[in-house]
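To start, the structure itself, in structure tokens.
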Amino acid sequence: MIADSTTTVQQNALLAALIGLPALGAVANGALAVQTARTRTHAPDAPAPVGLASMLGVGSIAAAFIVAVLLFVQLTSGAGAVTAHFGDWLVFPTEAGRTPLIAWDFTFDRLSSVLALVITGVGTLIHVFSVGYMNDDPGFARYFAYLNLFVAFMLVLVLGASYPVLFIGWEGVGLCSYLLIGFWFGESANADAGRKAFVVNRIGDMGLIAAMCILFTQTGHLDFAGAHAGLSGMSTGLITAIGLALLLGCAGKSAQVPLYLWLPDAMAGPTPVSALIHAATMVTAGVYLVVRASPIFAASPTASLAVALIGAITALFAASIALRQWDIKKVLAYSTVSQLGYMFMGVGVGAYTAGVFHLVTHAFFKALLFLGAGAVIHAMHAAYHHAHEHGDAQDLRNMGGLRAAMPATGALMWIATLAIVGIPPLAGFFSKDEILVSVFARAMGSPLASASLMGLSGQVVLFVVLGFGTITALLTAIYMTRLALLAFEGPGRSSTSVQQGVHDAHGTLLWPLVALGILTVAGGWLNLPALIPIGPVGVLEHWLEPIVGETTRRLAPIAALPHEQELWITGGAVINAIFGIGIALWLWRRWAPVDAHHATPGTGFGGLLERAYDVDAAVQRGLVGPVLAFAKRVLWGTVDRGVDGALTGGGGGLARAAQWVSAQVQVGDASRYVWVVALGVLGTLAALAWRS
Amino acid sequence: MISEALVVSAVLFVIGTIGVLTRKNAIVLFMCVELMLNAVNLSFVALSKLHGNAGQVFVILVMTVAAAEAAIGLALVIAVFRHFGTVDLSSLRLLKG
Amino acid sequence: MSDLSRYFFYLFSLLTIGSALAFVTRKGPVPAALWLVNTMFALSGLYVLLDAPFVGAVQVLVYAGAIMVVFVFVVMLLNLGRAGDRPDLRGIGGQLTAGVVGAALLALLLAARRGDAVLPALVPSSTSTSNVVEPVAQLLFTDYLLAFELTSIVLLTALVGAVVLAKRRTAA
Amino acid sequence: MNAPNVSGMLMLILPEVVLSVGAMITLLLGVSGADAGRSHRAAMAALATAVVGVVLAIGMLTGAPLAPGTTFIANDGFRWTLTALLCAGTGAAVVLTEAYDRRAGVARAETPALLLLAATGMTLLTAARDLMVVFLGIELMSLATYVLVAMHRTSARAAEAAVKYFLLGAFSTAFLLYGIALVYGATGSMQLEGIGSAVASGAKLPGLLMAGVALMLVGLAFKVAAAPFHLWTPDVYDGAPTAVTGFMAASVKAAAFAIFLRITAEAFAPLLADWHPVLWVLAAATMVIGNVLALGQQQIKRVLAYSSIAHAGYLLVAVVSFSAEGATALVFYLVAYTLATMGAFAVLVALSDGTDRPLVRQDLAGLRERHPWLALAFAVCVLSMLGFPLAGGVGFFAKWQVLQAALQASVPQQTLAIVLVLSSVVSGGYYLGLIAPAFMQSPVPAARPIPAPPTGVRAIAIACAVVVLVLGVLPSSLTRLAQRSAPSAFAGGPTVATTIQP
């Protein structure tokens, strides 16, 4: 709340610039977009201001990245966290004076620094990629306005020093996500997808709001430090309630079961958006919140177990669906849901560093996968266009053998695939391994293992989580290898003219991929396990120690894991992954013999997976249908017509009544108005005269 | 006599109010308002006997303002007459609802 | 306060109220205006009796002499009060209701004072000097100088307003 | 009978001196030369005068600590903040009226001069501590406004509006004046301070005093357009030239509230228990009537007229709260409300075609396509009136402050707070009804082509929206300013008997 005494004016300015630069970029691009729209009303074919918009868009994020690096360097040189107070927002006058209920307090500490670097760093790369990807789009400036705004809100989310400020960022990124999913709002499917994301996220928001309400009524604080300090006096049951409410919010934002439904549909947006928002940053906000709220979860093993179990179920569930998806982005979408489940497993068992570690590495390789997919889609699209054919540029069945035409993209995609599968020494191996080891160690004996969740002993839950995690790793290996094989290897399945039209990405479409590729290879060095000391061990763990060290220890295993057991798990995981790759290679040829046009829908269990367990249809039948019917019969008939009437000033009971009343009173005759004044005088006089 | 003057003032004020309520001609209605102001002036003069001359000063000011008000009010009435051909308030009903 | 001036006070009071009543009940605007002028003359008499001769003089000069003349002038200018005009006065129902409202208003105004201390009947005359203007002028040009100056701006506003509104329409 | 301290007095009324001298210069510029540009020169002079007024007031506010004022003229934060606000509003009104009149072909130098004269009266009302000054301030403001309403002499609607406004205004002034006389009679003082101390020490004539208070409240309630004294508002706002309507809705109302608060705070504070129920009923009735009746309106200006009535109700809640918080909330609300109103009316001026045809919702259709910036500014300003958080900027905090003041008052006003919130919800119906066509309907071809809005009008609309948004993110600076601007009567905390029944 109160600015850290060590925070200097210069640091304050840097922190303001970190959030302000993307915001300014958004405003500038927004202005540009509005201006373009205005020109278009006169000249419909006016070109989009691509150069200026990309300069503003990329420049603001890149500058923000530089600012983040500057702040980070100061932090590494031993300076304390930068905490800045930019004024109060909502102020409550209480007995103790005016206490700010919501203040614009931001903190750049060890945890938010990591997130800020990922957001601005990966964000910059994706912005660069977008310049090439969205080149022809008439809404170019609008796109960059939304994207910049997203980064600004994401930074508000991770830098905010209190729950409400986090919530503002949380809602802000949701808004941008909604706008970008429906970016091509001409197509109704996209608008529907945007609406779906909107509705599902509102359910999650209820949880977050409920958590804030309980926290505020119990502790009188909503800033992280104050609220968490106030936990000590609360009963475990209440803390569990807060934790579960937070979990609902996190599940909504991070697409966990059962609120995952919106994320696969969110792929309707432009692919760079999927990479930035729906893979690398926004969807990990739930993970971030659990880490940020670790004092709450550490105080409630039950809530922590719930987080881990939800994560495990989500990981397995989504991975199985990914096995039989044909849309390249859908595979990656379910893969993201699954990997988010992995992160939840990590933070759920109190291995907060492991969760953040996987968040970071996942941001690298999943962004690479999405951008690679984007490059493929872009190339396929161009090829179809060139060959004057119509086909789904995102369908894996229409691909095949693309590595010949796109060697650079293919190689990078393979690296990313091996990383997510968990092949050493790529980034994903280390982060996934650390989560599995953490779960195993806690299952062998820890406060979590001795707690219980809905009557189940914690140990059982943890072993279930471990089992699910292991199977998920196997499935991940299978579906990711399948994706890479179907897209890049073997013979091409589309027509020859299309195949000849495919060209590798270059320029702004390629360099971000290369940068992400390097990060994917090297990311594991961030937090090497003691077992594999090929560099400085546990850098991230030491870095985050002041933030989550204490809370990690509260749920930590009673005894450290023996080296050989850890070795077994690590080795087993690698073998598991290789086994999965093998299965994929074995089944590969049978998967897609023909292109999408000639393919038949899957049957049996495979078909069920293809249709994502028919959850969408079930929800449609069981939930959306009845609600819509209710809405049509009851709401539309009464409420909506009333509202609509009020809005258009036409019908509507209240509006009509108001119209009638004012027609009776407001007759226009001033010589009658004086009567009302006189009666008012009589009333006022009477009221006061009788009191004297 | 102060009390009596205040009563006379109240009666005059009420007569003016009744006039405002019963008249529809803008000019006559305005004259009724002038009567109300005169009634107030009587109160001021009577009360200034009680409290010193500030009341009389106020009366001078009220008269000046009343003159200003009359100038503008009558100009407005003339403007209305130009448009509507009448100064009957119940005939001015372009603005209503 | 001599009995004579008391007698005159009641006389002028009756005159004032009587002409006011006549004013509100006249149908035509011109008779109404004339009765109002009468009211104002009677009022100026009351002012003199209340030891405010200067105000009384100004009342005659400004109100009766200037303001009401303008009223009558406008009535004449617009040629109002012809036989064919719509009735200015409300119907008998309206008049009765207005009377009830007025009675209620008067009752409230008088009833409010039921708990008040009795005002002194005799107050030493404040205009002890032969100079009747001085007491008012003294205040007006010292304490109330600001108010006095403000009236000049009010008059300026009225001047501008009246000119703007009444000036012949120029080809816009 | 002291010799007046002229130089000291001049310092205190410097804004009024500047504004009235500016008005005269404006008039002189308007009559010199015969070319078409003279009305423009006059408007520029008036604008410059208003800007000087703003600078002056801000200078007083930020300069050396304020010396105590006199018993005639106050010298506190309340005076200078609201003077700055009113001068700024007048400056905006000068630009808007000029653009509007030019489009109608009736631009003339008297309009900006009258705006400045009205502003003289209005700024006087922020400082007046003597009932004579109060009366003259109100009359100066009102007389100039009557003329401004009738400025378009070819418009029958404007003439009708002006005469209605005038007659009802004069009628209510008579009540105000009678109230002043009775209060003077009961207390023997014309000065708010003297009245306050006389009342506090127990008046000998409580009945006379009460009648006077009641009649003064009626007069003030009429000026702020509180129900049931609001009937003139929809008709007059409808018939007046759009730019003048904006001026009335924003600045005239703000000035009326300034004097309302000061009179209740300085003169009638000891009588809180007596007048509190009356204002309570007025506030509740005003909020409900304004918000509900606005729903039935088709014309935009009538919607905004009822909306301004509703806002008067919210502001009355701040007055009824009767505390330093209430006064803070009032100042805060007036700033927010002036910004939103001026911004919204600037857009309406930009859309008017120069005739006195009333604007209806359909005229807003497709505004997003025709004038995207104006559409955004309009949406922000209207959402601000609605009190929508973030997108509505500072309007949300204005309501929040009033609510807090109501709930924290020495006698908490839960019921009024509930009425405020519920009626605000109702207001969503008509406010969104204004925004919806601008963004969701396609443009309807105008009967008369509407020229591109002048830069000044656009600048005002956008500047208002931007300030609304910025203050909505960082309201604390405005809160601090408003806290400094509570009238000095509240400085020592509530001076009021706390034994009233809500």
Side-chain angles (χ1 to χ4, degrees), chain B residues 1-8 10-19 21-25 27-28 30-32 34-35 38-39 41-42 45-46 48-50 52-54 56-61 63-72 74-79 81 86-88 90-91, chain C residues 1 6 9 13 16-17 20-21 23-24 29 32-33 36 39-40 43 46-47 50-52 54-55 58-59 62-63 66-67 70-71 74-75 78 80 86 88-90 94-95 98-99 101-102 105-106 109-110 119-121 123 126 135-136 139-140 144 147 151 154-155 157-158 161-162 165-166:
Chain B
M1 235 162 52
I2 298 172
S3 287
E4 287 89 333
L6 288 181
V7 172
V8 172
V11 171
L12 282 180
F13 191 85
V14 168
I15 292 174
T17 309
I18 292 175
L21 295 181
T22 49
R23 295 291 185 161
K24 289 189 272 186
N25 180 320
I27 297 181
V28 182
F30 186 24
M31 281 195 242
C32 296
E34 293 291 344
L35 178 60
N38 270 282
N41 283 351
L42 179 58
V45 171
S48 77
K49 256 180 97 67
L50 203 61
N53 290 325
Q56 292 190 37
V57 174
F58 210 139
V59 173
I60 307 279
L61 297 183
M63 287 181 184
T64 322
V65 169
E69 220 172 26
I72 286 177
L74 292 172
L76 287 173
V77 169
I78 292 173
F81 189 80
T86 178
V87 292
D88 184 82
S90 54
S91 310
Chain C
M1 180 73 50
R6 184 177 293 274
F9 183 86
S13 295
T16 314
I17 294 173
L21 281 172
F23 157 66
V24 288
L36 186 56
T39 314
M40 287 168 175
L43 264 176
L46 282 179
Y47 293 166
L50 288 167
D51 293 332
F54 177 65
V55 177
V58 175
Q59 165 87 358
V62 176
Y63 249 124
I67 298 181
V70 179
F71 270 94
V74 172
V75 171
L78 302 184
L80 300 175
R86 291 179 64 176
D88 164 31
L89 207 56
R90 273 184 203 288
Q95 288 180 34
V101 171
L105 187 60
L106 187 62
L109 283 172
L110 298 180
L119 291 173
V123 173
S126 56
V136 179
L139 267 179
L140 192 56
Y144 289 104
T151 53
V154 172
L155 287 174
T157 307
L165 294 175

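By convention in this document, chain letters (A, B, ...) are assigned in the order of the sequence lines, proteins followed by strands, and residues within each chain are numbered from 1.
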- Which atom names give the shortest non-hydrogen contact between Pro29(C) and Met31(B), and what distance separates them? O-CE, 3.9 Å
- Name all residues meeting the side chain to side chain donor-acceptor pair (under 3.5 Å) criterion together with Ser3(B); count only those two or more places apart in sequence or in a different chain, and write none if there are none. none
- Note on the structure: Ranking Ile27(B), Thr17(B), Val28(B), Leu6(B) by heavy-atom pairs under 4.5 Å to chain C gives rank one to Ile27(B)
- Message: Let's test your reading of the structure: which of Val87(B), Ile18(B), Ile78(B), Asp88(B) forms the most heavy-atom pairs below 4.5 Å with chain C?
- Response: Ile18(B)
- Query: For the residue pair Gln95(C) and Arg90(C), what are the closest heavy atoms and their distance?
  - Reply: NE2-O, 2.9 Å
- So which part of Leu36(C) gets closer than 4.5 Å to some heavy atom of chain B, the side chain, the backbone, both or neither? side chain
- Task: Identify which part of Asn38(B) has an atom lying under 4.5 Å from any heavy atom of chain C, answering side chain, backbone, both or neither.
- Result: both
- How close do Ile15(B) and Ala20(C) get, heavy atom to heavy atom, and via which atoms? CG2-O, 3.7 Å
- Item | Non-hydrogen side-chain atoms of Thr86(B) and Ser91(B) separated by less than 4.5 Å | yes
- Ile67(C) versus chain B, the contacting section by heavy-atom distance below 4.5 Å: side chain
- Task: Check the side chains of Gln56(B) and Tyr47(C) for a donor-acceptor pair under 3.5 angstrom, ignoring hydrogens and angles.
- Result: no
- Message: Heavy-atom pairs under 4.5 Å with chain C: which of Gly16(B), Gly19(B), Ala68(B) has the most?
- Response: Ala68(B)
- Query: Contact part of Glu4(B) toward chain C, heavy-atom cut-off under 4.5 Å: side chain, backbone, both or neither?
  - Reply: both
- Message: Minimum heavy-atom separation for Ala52(C) and Val45(B), please, with both atom names.
- Response: CB-CG1, 3.6 Å
- Can you tell which part of Val70(C) gets under 4.5 Å to a heavy atom of chain B, answering side chain, backbone, both or neither? both
- Query: Can you tell which of Leu140(C), Val74(C), Leu109(C) has the highest number of heavy-atom pairs within less than 4.5 Å of chain B?
  - Reply: Val74(C)
- Contacting moiety of Leu42(B), where chain C heavy atoms sit under 4.5 Å: both
- Message: Out of Ala66(C), Ala98(C), Ala162(C), return the one with the most heavy atom pairs under 4.5 angstrom to chain B.
- Response: Ala98(C)
- Leu43(C) vs Asn41(B) side-chain heavy atoms within contact, under 4.5 Å: no
- Where on Leu12(B) is there a heavy atom nearer than 4.5 Å to chain C: the side chain, the backbone, both, or neither? side chain
- Mind ranking Thr157(C), Leu155(C), Val62(C) by heavy-atom pairs under 4.5 Å with chain B and telling me who comes out on top? Leu155(C)
- chain C interface, residue from Ala70(B), Ala71(B), Ala66(B) that has the most non-hydrogen pairs under 4.5 Å: Ala66(B)
- May I ask you to test the Val55(C)-Met63(B) pair for a side-chain heavy-atom distance under 4.5 Å? yes
- Item | Max heavy-atom pair count under 4.5 Å with chain C, selected residue of Val7(B), Thr22(B), Val11(B), Leu21(B) | Thr22(B)
- Task: Evaluate the criterion side-chain contact (heavy atoms from CB on, under 4.5 Å) for residue pair Phe30(B) and Val77(B); output intermediate values, then yes/no.
- Result: CA-CA 10 Å; Phe30(B) 186 24; Val77(B) 169; 5.7 Å; no
- Under the 3.5 angstrom rule, does the side chain of Arg23(B) hit a backbone N or O of Val24(C) as a donor-acceptor pair? yes
- Please state whether the side chain, the backbone, both or neither of Val59(B) comes within less than 4.5 Å of a heavy atom of chain C. side chain
- Item | Which portion of Phe71(C) sits near chain B, non-hydrogen atoms under 4.5 angstrom | both
- Task: Verify, without hydrogens or angle tests, whether Thr64(B) (side chain) and Ile60(B) (backbone) share a donor-acceptor contact under 3.5 angstrom.
- Result: yes
- Message: Is Thr39(C) close to chain B through its backbone or its side chain, or both, or neither, when contacts mean heavy atoms under 4.5 Å?
- Response: side chain
- For Phe23(C), is it the side chain, the backbone, both or neither that has a heavy atom under 4.5 Å from a heavy atom of chain B? both
- Note on the structure: Note: vs chain B, highest number of non-hydrogen pairs under 4.5 angstrom among Leu78(C), Ile17(C), Leu46(C) is Leu78(C)
